[in-house]
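Everything below concerns the one structure shown next.
Quantities reported herein were computed from a predicted structural model and do not represent experimental measurements.
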Amino acid sequence: MDSVPNTPPGQLRRMAAVWEQVLKKGGIGPEDSFFTLGGQSVMAGTLVRAAGERFGVRIPIRTLFEHSRLGEFTDHVVGLALPAAPPTAPTSDTVPPDVPRNVLPDVPLEMTAFQRRIWLAEQIDPSVRNHVPLAWSVAGRLDPDRLRGALGRLVAEHEILRTRFVDEDGGWSVRLREPWLPPLELLDLGEAPDGTPDDAPDDAPDDTTDTPAAVTEWLEAALRLPFDLESGQLLRAALGEFADGRQVLLLCVHHMVIDGESIPVLLAELDRYCATPDRPRPVVQYREFAAHQREQRDGASWHTDLAYWESALDGASADTPLPAPDRPEPNGAFRLPLPAGLLDALRTVQSEHGVSWFMVAATALAVSLHRSTGLDDVTFGSPTANRNHPRFAELFGPSLNTAVLRSRVTADSTVLDVLLRMRGEALGALEHQAVEFDDVLNHVRPARRFGYTPYVNVTLNMNLLDDHAAVLDGARLTPLLIDELRSGYAKFGLTVTMVQLDGRLIGLVSHRGDQLGAEGARDLADRLAGLLTRFPETLDEPVLLRD
């Protein structure tokens, strides 16, 4: 490996090892850019934390965006003088003294802010289903008995999966129940589907295939059926088998106990339980994360973050209006028509301007909203994983927060201006995400409307399914996308989900029919897809197009 000026070769090799581990690529050289290697915002946080631990320094996340090549990043990190605290391992010695190590079922615990938000949404509208459907195709074979046993071990060792949310005198408390064995339903799926649908576009991704009716029916039924939050049994599982022996693994889990960042943990733990069923190991429990969040509250950094959001949202409208239909329509969901090779086509823009793929997507969405609404000031939300502490890197349980991204333009603003704005907004959100979105709302007190979430009724979600592919008991699991499910649980007026799967970018749109009609959703989606498809050529375009 060649070195660069001012960077000792040994230090460069140490940093390259960190990059290769996080980015899951080998042979990274000093001129390789984080962005051309496939880096994105969530991965950036993991990389700077890992590099900070390896080199014993604190690294602001924007450092990676300002020094995106391995050599210059290493040179900058080596020159940092601020020492970091030694990394803490998830052992019993790191558990705060007020966290009980052996929790009895009758001892009340507490909800996190995210759990309270989900619980409140279901109390306000009992028809809301905060269920997370998961589906994987299986290459190889899963043994039902071994899988059933692994699910039981998962529940026994991770308290979050046997947590009861109990109504007591009009208030809710959190308690634990004894371990339970999740039933594993076995499905006979008949003949496997073959080929793409007749109405699929020519540039449809390779994974656009007919979904077996039994798979969709099981997941739809699991989504419709409410969970009993007081039961402590918030997980459903099924293993389906085709006539040719191929299998699919299906799960439905309540959002109170899982989020996207927990899915790789779930799969890794199931694999561990299959491989070593008699070797328990200490795991970080969700109650420890809840206690950590409570301890951070009202600290100096918490108030700094709160002040940041107060300033960032000053003067912003709480609602980005969408073209509502004359009368409510059914919810809808569909895919964005994105061309193959889009990720590769954007590498140069990402490297040249020091932006992640998420920042590009946020820019395209912001410009689409400006052009659709005619407004010069719009906001939308994006979920963030509040797992900055190394101790919670492998936490099973929801750690999501919500960040608000704000785009303000003038008559002369270009798409490039919005890109640079979104870069700053995203970095600011990552650096000030410790304070909960609910605390921000309680502090700034925006105007509210029933059925609308202030500032984030349009939401952009990055779903990196590449990270959710896994090996389970020797079988390869690949995520399945089932578009039909998305319309049923649309939570916001408009949700755009960008999925990175097997090196391809897939765009998914869902919308609430009472807030955004099908025609309006398609118009917005076409604008967004068009911008993404020709993004490098749009940078000098004005945002507010003149007739």
Could you check whether His432 and Asp305, counting side-chain N and O atoms only, form a donor-acceptor pair closer than 3.5 Å?
yes
Is the Phe34 ring parallel, tilted or perpendicular to the Phe65 ring (thresholds 30°, 60°)?
perpendicular
Give a yes or no on whether Gln296 atom CD has more than 12 heavy-atom contacts from other residues, nucleotides or ligands under 6.0 Å away.
yes
Looking at every heavy atom in both Ala361 and Leu532, which two are closest together, and how far apart are they?
CA-CD2, 4.3 Å
Do the side chains of Arg449 and Asp319 get close enough for a salt bridge, i.e. N-O under 4.0 angstrom?
yes
Restricting to non-hydrogen atoms, name the atom on Arg224 and the atom on Arg129 that form the minimum distance, rounded to 0.1 Å.
O-NE, 2.9 Å
Thr384 OG1 to Asn401 CG distance, which is reported to the nearest 0.5 Å
4.5 Å
Hey, is Asp417 close enough to Arg421 for a salt bridge, meaning N to O under 4.0 Å?
no
Working for salt bridge (charged side-chain N to carboxylate O under 4.0 Å, His left out), residues Glu159 and Arg287
CA-CA 8 Å; Glu159 295 172 353; Arg287 55 185 159 85; 2.6 Å; yes
Verify the ring-centre separation between Phe492 and His511: is it less than 6.0 angstrom?
no
Can you see whether Arg164 engages Ser231 through a side-chain donor-acceptor pair at a distance of less than 3.5 angstrom?
no
What I want to check is whether the side chains of Gln115 and Glu110 have a donor and an acceptor closer together than 3.5 Å.
no
Quick check for you: to the nearest 0.5 Å, what is the distance between Arg175 atom CZ and Phe165 atom CZ?
13.0 Å
Once rounded to the nearest 0.5 Å, what's the spacing between atom CG of Asp228 and atom NE2 of His254?
10.5 Å
Test applied, side chain to side chain contact (heavy atoms under 4.5 Å, CB included); reference residue, Thr363; option that passes from Val349, Leu420, Val418:
Val418
Restricting to non-hydrogen atoms, name the atom on Val509 and the atom on Ala525 that form the minimum distance, rounded to 0.1 Å.
CG2-CB, 4.3 Å
Is the NZ or CZ atom of Arg236 positioned over Phe227's six-membered ring, under 6.0 angstrom from the centre and within 45° of the axis?
yes
Search all heavy atoms of Tyr455 against all heavy atoms of Pro446 and return the closest pair with its distance.
OH-CB, 3.4 Å
Rounded distance [0.5 Å steps], CD1 in Ile258 versus CD1 in Ile160
10.0 Å
Taking atom types as modelled and ignoring hydrogens, do the side chains of Ser413 and Thr410 form a donor-acceptor contact shorter than 3.5 angstrom?
yes
Rounded distance [0.5 Å steps], CG in Leu251 versus CG in Leu266:
6.0 Å
Flag the pair Asp377 and Arg406 as a salt bridge only when some basic side-chain nitrogen lies within less than 4.0 angstrom of an acidic carboxylate oxygen.
yes
Heavy-atom closest pair (Ala51 atom, Phe73 atom, distance to 0.1 Å) is CB-CE2, 4.2 Å
Might you confirm whether atom CD of Gln21 has over 12 heavy atoms from other residues, nucleotides or ligands at distances under 6.0 Å?
no
Distance in Å, Phe535 CZ paired with Leu416 CG, rounded so as to fall on 0.5 Å steps:
8.0 Å
Consider salt bridge (charged side-chain N to carboxylate O under 4.0 Å, His left out). Of Arg281, Arg272, Arg162, which one does Glu157 pass it with?
Arg272
Evaluate the ring planes of His76 and His67, with Trp represented by its six-membered ring, and classify them as parallel (under 30°), tilted (30 to 60°) or perpendicular (over 60°).
parallel
Looking only at heavy atoms, which two atoms of Thr112 and Ala290 are closest? And how far apart?
CG2-CB, 3.8 Å
